[in-house]
Structure formats: C-alpha cells, structure tokens
> 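Please find one structure pasted underneath; my questions will follow.
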Amino acid sequence: MKPGKLKIKISKTLQAKIAKGHPWVHFYQLQNRDIRGNAGDLGVIYDSNNRFLAIGLFDPVSDIRLRILSTGEPVVIDAEFFIRRLEQAVLLRRTLTATATTGYRLVNGENDGFPGLVVDRYGETLVIKLYTEAWMPHLDLFLESLIQVSGCSRVVLLHSRHVERTRSSGPAHGQILHGPPLDGPVHFTENALVFQADVVEGQKTGFYFDQRENRARLKEIAAGKEVLNVFSYTGGFSVYCMAGKCRSVTEVDVNQQALIAARENMMMNFPNKVSKEADFLQIPGDAFRVLSEFKRQKRQFDLVILDPPAFASRKEHKPNALQAYLRLAKAGAHCTRPGGLLFAASCSQSVPAKEFFRSVSLGIRQTGRKEKALFKSKHAVDHPVNFLGGEYLKAGCFEVY
Ligand code: SAH
C-alpha cells in the first residue's frame, strides 16, 4: 500500500529542537493526538508560519510517533533520497576498507539519517534490523537502493522485539530479502582477523561491531598478559588479545552458544591455541558469581575485560545501573594483579560517561586500590552520533595499583 500523508502538529519549542536535528516526536508531544494513520505514512511538520519544517515516518503503535527523515527544505522520499544518504554513510566509513575490515555498521539509524533502521555489513551479507514497522511500506525502495550502493550479494531482514510483537504485515524476522539462503554463519574480517557470526540467532545482528576500536587498543597492550574476558560473547576481545600475543585468555559468559561460537572464532585465527586450558579456558556461568569465586581463590589476571550487557534501558534504572557498574568494577579489581589493567565498558544509553567512570573508580577504590586511566573512548567511526542523547557506548582502561 502506498504510504499516506499526515499533518503533524507540535509545540514551538519542539519545532526548534527538530530544526536543530532532534529526530523524534513522542506521542505525548503531539498537539493532534487523535491523528490516525498507518505505519510508514509520511508525517509532515509545518512551522508556526506554515512553512515546511520536517518530514518523517509515522508509527501508530510506537511511543515515538514520528521519526524524522529530513528537515529544512521539502524533499521527496524516493530511491534517489535513499541512495544519497547511503552514499554518505559509505563515504564516512571509507577508512575501514584500508584496515582489512569487512564487518561493520553501515547505517547507524538516526545518526545516518535512517531513523529506526540499522544495517550491519558482514562481508557480502547485509543485515537490516528494523526498530519500527514504519519502514515496511518503504522497504522495497530502500532495499533496491541498498543493493545498488553497497553491491552486496545477500540481504537479511531482522525485527526488533517490539516490531516482532506488533508487526501486522511484511516479511518475517530472518527472511532473506535478496540473494541466496544462509547456509550457516557468515564470515567477515575485523582488522585482518577472521570471524563468523550467526546473524539470525545471535545477539544484536550477530556481532558487536561497536567494540572494534577498543579491541584493537587492547591488542596493542596485551603482550605477555593473562587475560580475563568477562561477558565475552563470541570472543571478539579474546581473539584480538591473542593476536597481540597475550599469554592466555579465560572467557566467562552465561550463554553456552556464545562460548561455542567464541571457541570457533579463536580456532579460525589461532588453531593451536584452543586445545590447552593453559592458553584458552572458557567458564560458563554468571559473571558476578565467577568473579567472586576467583576472589575467594585469590586468582588474579594482568588484564580484566568487563563488557556487560546494558544495565539500564530507561532513565529510572540509572541509579541501579550505576550501583551494578560499581559492584562489577570492584569484583573485577579484586581479580586484577597489582599494576594490572582493568577495562570497563558500558552500553547503557541512560548512563552518562562521567557517572559511569565515577562508578568504576569508586568500585576500584573500594578494594583499597588506586587507579589511573590509560585511555577512555567513545563511539567508533561506523557508529556516529549526530543528536543529543544518541550516545550510548563509553569505555575506559585503568591501571590498577
Ligand atoms: N564483549 C562482547 C559483547 C558482550 S555482550 C563482544 O565484544 O562481542 C554481553 C554478554 O554478556 C552476552 O554474551 C551475554 O550472554 C552475557 N551475559 C549477560 N548477563 C551475564 C551474566 N550475568 N553473567 C555472564 N554473562 C552474562
């Protein structure tokens, strides 16, 4: 069905924010809350002088009712519009090809001008993940543009949990939109290291590309170290540390499937490292429990990596999340040798970097130790942030005395 057009009415204050690049209109911000429309209808906002201000995608079942596609001059949302945006996204990531990296985020939602839509590239396979059904009526046009710009040979579609719950039409989760069926995991490279990922059953779209630069930083300082990779998932950090000639890697994750995939990833890069527990050990289980068991045994490592899942998905969870980051840093510091390194990351959008780092420092100090930051980092080039509140990832590596 061809998308309809709707007139969206909002306050002057919100108009000003949208003009500056804010990408959303929430339901409670609508002045015409009784507005009816279908997912993917184009909502147009006019300013108080009745001049065009912005156009976006309407979603009748999402709290975010309108996701802004474009502000300023009136535009037609067609293949040409998508192609222009995709070409900009490709251009922004051009430096990655020189680093032998074929796995990365090609479209980072709002930040690349495609609100509620992510595209990850795994070699020749692209994975589109939709966070709103509003993309459904535009999917064919978007797909055509994506294939043209990327030249990739396969495109897989995934839905967020919200879309999967509320979806009323269109292709299903895991459907191949273009190219041959999947015959197992897909392969890709990151800084010349090889990986595989299950793009349908895995977490996110299969791999955490957002940590690529942090993994590369740890590779540079891993030589000779005993590494503890907590929340290892499919072993991204482990493979990099091994490439940096660390002495050994111990992985902890509650997800057995992820550990199997992590072993596979290690095997593909360092086949002679996976047979001896002294080189490569995997511990399935709860991170907090495993860390306290290590503390009891006085087992310490030279480099401890803490990359947990998000502890706060909403603002009201922030205090609990900060407490959890503190507890985790404390548990991690207990397992870090004097003079060793503790790397801690947070992907909780509602926890600001400053407060996260404060919790990590407090946690380390509660063990009676002191810390000095070796580096702190935020978003990588393929995860640009272009609006206030769009940032989620922060990480720091601390020397612990
Ligand atoms: N560092 C990883 C990404 C981590 S994602 C990478 O670079 O790819 C978070 C991981 O934490 C997931 O694999 C999830 O299975 C695991 N996890 C979640 N809760 C856990 C817990 N309580 N104990 C151990 N692992 C947990």
Side-chain angles (χ1 to χ4, degrees), residues 86 89-90 93-108 118-129 143 146-158 173-216 218-219 222 229 231-244 246 249 251 253 255-275 279-280 282 307 380-383:
L86 287 168
V90 168
R93 291 152 176 88
R94 66 190 180 285
T95 50
L96 288 175
T97 35
T99 62
T101 296
T102 64
Y104 54 88
R105 179 147 295 185
L106 180 60
V107 174
N108 191 31
V118 152
V119 183
D120 281 345
R121 178 173 178 175
Y122 292 84
E124 282 303 301
T125 298
L126 294 177
V127 181
I128 301 177
K129 186 155 181 178
L143 180 68
L146 186 64
I147 295 165
Q148 182 181 324
V149 173
S150 69
C152 284
S153 58
R154 186 194 282 126
V155 183
V156 183
L157 180 71
L158 300 181
H173 179 82
Q175 193 160 322
I176 310 293
L177 299 181
H178 170 72
L182 287 163
D183 50 3
V186 295
H187 290 77
F188 60 97
T189 59
E190 254 197 15
N191 291 306
L193 294 164
V194 292
F195 291 95
Q196 62 174 37
D198 183 336
V199 296
V200 179
E201 298 299 328
Q203 294 179 25
K204 295 268 184 174
T205 67
F207 200 72
Y208 288 86
F209 292 130
D210 53 1
Q211 290 286 14
R212 184 186 53 256
E213 290 183 1
N214 287 326
R215 291 195 264 264
L218 294 193
K219 176 185 163 205
N229 184 6
F231 306 97
S232 59
Y233 186 51
T234 55
F237 279 103
S238 308
V239 170
Y240 273 73
C241 287
M242 203 57 97
C246 70
V249 173
E251 294 180 339
D253 202 289
N255 181 337
Q256 285 275 9
Q257 282 311 110
L259 289 177
I260 293 171
R263 179 171 287 273
E264 201 55 45
N265 279 330
M266 187 59 85
M267 178 90 129
M268 289 196 302
N269 292 278
F270 304 101
N272 53 354
K273 290 286 182 190
V274 290
S275 51
D279 294 333
F280 181 63
Q282 294 187 315
D307 182 24
V381 63
D382 57 333
H383 287 70

> Do Asp382 and Asn108 touch side chain to side chain, with heavy atoms closer than 4.5 Å?
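Side chain of Asp382 against side chain of Asn108, heavy atoms only: no contact under 4.5 Å found.
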> Does a donor on one side chain and an acceptor on the other come within less than 3.5 Å for Tyr208 and Asp307?
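Asp307 and Tyr208 do not have a side-chain donor-acceptor pair below 3.5 Å.
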> Return the minimal non-hydrogen interatomic distance between Gly206 and Ala197, and the atom names on each side.
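Heavy atoms only, the tightest pair is O-CB, 3.7 Å.
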> Taking atom CG of Leu218 and atom CD of Gln211, what is their separation to the nearest 0.5 Å?
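The CG atom of Leu218 sits 9.0 Å away from the CD atom of Gln211.
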> Should Glu213 and Val381 count as side-chain neighbours, where that means a heavy-atom distance under 4.5 Å?
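Side chain of Glu213 against side chain of Val381, heavy atoms only: contact under 4.5 Å found.
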> So, do Thr102 and His187 sit near enough that their side-chain heavy atoms are less than 4.5 Å apart?
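No; the side chains remain at least 4.5 Å from each other.
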> Kindly determine whether Val249 and Met242 satisfy side-chain contact (heavy atoms from CB on, under 4.5 Å), including the steps that lead there.
CA-CA 7 Å; Val249 173; Met242 203 57 97; 4.1 Å; yes
> State plainly whether the residues Glu124 and Arg154 are in salt-bridge range, i.e. N to O under 4.0 Å.
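Arg154 and Glu124: not salt-bridged.
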> Once rounded to the nearest 0.5 Å, what's the spacing between atom NE2 of His178 and atom CD1 of Ile147?
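So the NE2 of His178 and the CD1 of Ile147 are separated by 4.0 Å.
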> Tyr122 and ring pair (Phe, Tyr, Trp, His ring centres under 6.0 Å): which partner among Tyr104, Phe188, Phe207?
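Among Tyr104, Phe188, Phe207, the one meeting ring pair (Phe, Tyr, Trp, His ring centres under 6.0 Å) with Tyr122 is Phe188.
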> Is there a side-chain contact between Asn255 and Leu259 in this structure, where contact means two heavy atoms from C-beta onward sitting under 4.5 Å apart?
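Asn255 vs Leu259: side chains apart.
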> Nearest 0.5 Å, please: how far is CG in Leu158 from CD in Glu201?
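Those atoms lie 10.0 Å apart.
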> Which heavy atom of Ser153 sits nearest a heavy atom of Pro180, and at what distance?
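Scanning both residues, the minimum pair turns out to be O-CD, 3.7 Å.
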> Taking Asp198 for its side chain and Pro185 for its backbone only, find out whether a donor-acceptor pair lies under 3.5 Å.
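Between the backbone of Pro185 and the side chain of Asp198 there is no qualifying donor-acceptor contact (under 3.5 Å).
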> Out of curiosity, Thr125 OG1 to Leu182 CG, how far, rounded to the nearest 0.5 Å?
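Separation between the atoms: 6.5 Å.
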> Quick one: does Val90's side chain get under 4.5 Å of Ser150's, heavy atoms only?
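Sidechains of Ser150 and Val90: no contact.
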> What's the shortest heavy-atom distance between Leu193 and Ala243, and which atoms?
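Smallest heavy-atom distance, with atoms named: CD2-CB, 3.9 Å.
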> Report the residues that fulfil salt bridge (charged side-chain N to carboxylate O under 4.0 Å, His left out) with Asp120, sequence neighbours left out, ordered by chain and then residue number.
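In terms of salt bridge (charged side-chain N to carboxylate O under 4.0 Å, His left out), with neighbours along the sequence ignored, Asp120 is linked to Arg105.
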> Should Asp210 and Lys204 be marked as a salt bridge (charged side-chain N to carboxylate O under 4.0 Å, His left out) after you check the CA-CA gap, both sets of side-chain angles, and the distance that decides it?
CA-CA 11 Å; Asp210 53 1; Lys204 295 268 184 174; 5.4 Å; no
> Just by distance, do the side chain of Tyr233 and the backbone of Asp253 share a donor-acceptor pair under 3.5 Å?
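Judged by distance alone, no pair lies under 3.5 Å.
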> Tell me the closest heavy-atom pair linking Asn269 and Val194, and the distance in Å.
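Residues Asn269 and Val194, closest heavy atoms: ND2-O, 2.7 Å.
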> Determine the minimum heavy-atom distance between Cys152 and Arg121, stating which atoms define it.
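Minimum heavy-atom contact is SG-NE, 3.8 Å.
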> Below 4.5 Å, heavy atoms only, C-beta onward: do Phe237 and Lys219 meet side chain to side chain?
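A side-chain contact under 4.5 Å is absent here.
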> Determine the minimum heavy-atom distance between Arg212 and Ala380, stating which atoms define it.
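In terms of heavy atoms, the two residues are closest at NH2-CB, 4.1 Å.
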> Does the side-chain contact (heavy atoms from CB on, under 4.5 Å) test come out yes or no for Leu143 and Val155, once each step is laid out?
CA-CA 8 Å; Leu143 180 68; Val155 183; 3.7 Å; yes
> Tell me every residue that passes ring-ring contact (aromatic ring centres under 6.0 Å, His included) with Phe231, counting only those two or more places apart in sequence or in another chain.
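Not a single residue meets the ring-ring contact (aromatic ring centres under 6.0 Å, His included) criterion with Phe231.
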> Are Leu146 and Leu126 side-chain neighbours, meaning at least one heavy-atom pair lies under 4.5 Å?
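Yes, their side chains come closer than 4.5 Å.
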> State whether a side-chain donor-acceptor pair under 3.5 Å links Glu251 with Ser238.
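Judged by distance alone, the side chains do pair up.
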> Is any side-chain heavy atom of Val239 closer than 4.5 Å to a side-chain heavy atom of Phe270?
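Side-chain contact under 4.5 Å: yes.
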> Mind checking the OG1-CG spacing from Thr101 to Asn191? Nearest 0.5 Å is all I need.
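Separation between the atoms: 4.0 Å.
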> Please check if atom CE in Met267 has more than 12 non-hydrogen atoms from other residues, nucleotides or ligands closer than 6.0 Å.
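Count not over threshold, so no.
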> To the nearest 0.5 Å, what is the distance between CD1 (Ile176) and CG (Leu157)?
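It comes to 9.5 Å.
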